[in-house]
Amino acid sequence: MSTVVRAEGLRRHFRGDAEPVRAVDGVDLVVEQGEAVSIMGPSGCGKSTLLHLLGGLERPDAGTLIVGDQAVDRLSEASWARLRRRTIGFVFQAFHLVDQLTAVENVELPALLVGTSRRAARRRATELLDRLGVVDRAGHLPDRLSGGELQRVALARALVNEPLMVLADEPTGNLDSQATGEILQLFAELRDTGQTLVLVTHDARVAATAERLLSMRDGAIVEDTRLDGGLPQQTLLAQLAGWEA
Amino acid sequence: MREAMLALLAKEPAHGYELRQRLAAALGPVGEVVNPGQVYVTLARLERAGLVRGVQVAQSAAPDKKVYEVTAAGREEVAAWLLDSSWPRVAQVEFHLKLVAAAGTGLADPVALIDAQRRELMRRLRDVQRLAESQIAGDDGDGVLLLEGSALRLQADIRWLEACETRWTGRTR
């Protein structure tokens with residue numbers, strides 16, 4: 001198993017009203033290939049900032065960050081930007097699709113940016129939309145799509161360059177319960193294909209699609225728990241039913 | 001389960017084994033853990049209470065079997081059960097009292113209890129969702145609804161634990 005991301009002493013402070021806010025305060029984290037990891041914690045605990053640091057949307061004030069085999073904290077902004085287009089797929093709460101582009105154009109955009117031919121990019125984008133169940137929406141602009149459809153398109157976009165890891169920031173935060181259920185199922189399928197996933201969420205159901213749960217408080221990881229290896233299935237079922245096994 | 005069995009018999013009479021199968025079909029994977037002995041014990045109790053009546057039916061190639069049908073009193077009981085909107089007892093009250101006791105006696109740290117409980121519920125939620133995923137993939141019928149209910153309930157319980165944590169953090173130390 002190879003390591004996808006390794007962070008050591010990662011730190012990010014913001015200027016606060018009185019004193020600096022320690023959004024991320026000395027985080028050590030290793031994510032192996034094929035792992036699905038959730039990060040939970042109260043709002044303001046630094047979980048989104050940590051995800052942004054891992055995905056290069058923000059730069060750390062201190063610490064080292066290795067993505068694949070590259071120490072990205074030492075790269076120039078331009079080199080890091082090139083690297084992360086190929087290695088990281090991002091999914092946001094607010095989808096962040098380009099309003100003027102159709103669904104399939106949104107999905108193929110990151111592929112075109114790394115130099116994939118138009119034909120190959122379109123083929124790959126269409127395949128992904130098909131796999132995620134929205135290929136019939138390929139020619140629609142985002143404002144014609146439902147929330148669940150928008151997040152499927154955004155997920156296809158995140159996957160188009162076959163990234164080393166997919167980072168998702170509250171991916172169901174803007175969805176109703178049915179669409180949340182559908183996105184849950186898609187993340188579960190993605191996990192089963194061995195896609196490395198890091199999910200930041202306040203929704204326990206989303207978090208429970210992962211095998212590993214990190215809890216954050218005040219900018220630090222305070223707990224790192226395996227979720228697999230729980231009760232034997234028969235015992236679990238009996239407890240759910242409220243009966244003695 | 002007593003009332004559920006009675007309701008299944010109110011639909012049509014059955015012998016014990018048939019009843020077990022009907023229960024299992026209604027419950028999906030949760031039905032796998034219905035203890036066969038429990039079904040027969042419950043049937044005997046229902047009969048003693050006058051809610052079902054057992055009739056011996058002769059079979060040519062096998063021993064006689066006992067077919068159970070619902071009595072008028074049993075039917076009334078089912079109707080009352082269906083209309084009863086009470087919700088099963090939940091663990092919240094006991095857990096809440098545990099937190100109060102932990103803080104009061106100093107025998108445990110309430111926040112540590114909350115963390116441990118949340119880990120446990122997260123593991124369960126993970127397992128329940130895995131089970132539901134396999135049901136959806138296999139298109140295995142209505143049992144998945146039951147699992148979704150459990151998942152939503154666990155989600156709500158975990159949210160409640162987060163509220164407990166906010167409340168108890170910093171209070172005892």
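Each chain gets a letter, A, B and so on, in the order the sequences are listed, and its residues count up from 1. Atom set for the values below is all heavy atoms of this structure, side chains included, hydrogens, waters and symmetry mates excluded.
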Fill in the blank from the handout: The interface call for Gln129(B) against chain A, heavy-atom contacts under 4.5 Å, is side chain

Problem - Side chain, backbone, both or neither of Arg118(B) within contact of chain A (heavy atoms, under 4.5 Å) - result: side chain

Exercise for the section: Look at atom NE2 of His96(A) and say whether more than 12 heavy atoms of other residues, nucleotides or ligands are closer to it than 6.0 Å. Expected result: yes

Exercise for the section: Quick one: list whatever passes ring-ring contact (aromatic ring centres under 6.0 Å, His included) with His15(B), sequence neighbours left out. Expected result: none

Exercise for the section: State whether the number of non-hydrogen atoms from other residues, nucleotides or ligands found under 6.0 Å of Arg119(B) atom CZ is greater than 12. Expected result: yes

Completion exercise
Here the gap from Met122(B) atom CE to Met40(A) atom CE, rounded to the nearest 0.5 Å, amounts to 5.5 Å

Exercise for the section: For chain B, find its close neighbours in residues 149-161 of chain A: heavy-atom separation under 4.5 Å, sorted by number, or none. Expected result: none

Problem - Interface moiety of Leu125(B) toward chain A, non-hydrogen atoms closer than 4.5 Å - result: both

Exercise for the section: Quick one: do Leu154(B) and Arg205(A) satisfy side-chain contact (heavy atoms from CB on, under 4.5 Å)? Show the steps, please. Expected result: CA-CA 9 Å; Leu154(B) 284 165; Arg205(A) 296 183 71 195; over 6 Å; no

Problem - chain A contact via Leu121(B) - side chain, backbone, both or neither, heavy atoms under 4.5 Å - result: neither

Handout entry: Proximal to chain B - members of residues 207-227 of chain A, heavy-atom separation under 4.5 Å
Key = Ala207(A), Ala208(A), Thr209(A), Ala210(A), Glu211(A), Leu213(A), Arg217(A), Glu223(A), Thr225(A), Arg226(A), Leu227(A)

Exercise for the section: Assess whether atom NE2 of His140(A) is packed by more than 12 heavy atoms of other residues, nucleotides or ligands within 6.0 Å. Expected result: yes

Completion exercise
Residue set satisfying side chain to side chain donor-acceptor pair (under 3.5 Å) with Asp203(A), at least two apart, ordered chain then number -> Gln155(B)

Problem - Leu146(B) versus chain A, the contacting section by heavy-atom distance below 4.5 Å - result: neither

Exercise for the section: Give a yes or no on whether Phe14(A) atom CZ has more than 12 heavy-atom contacts from other residues, nucleotides or ligands under 6.0 Å away. Expected result: yes

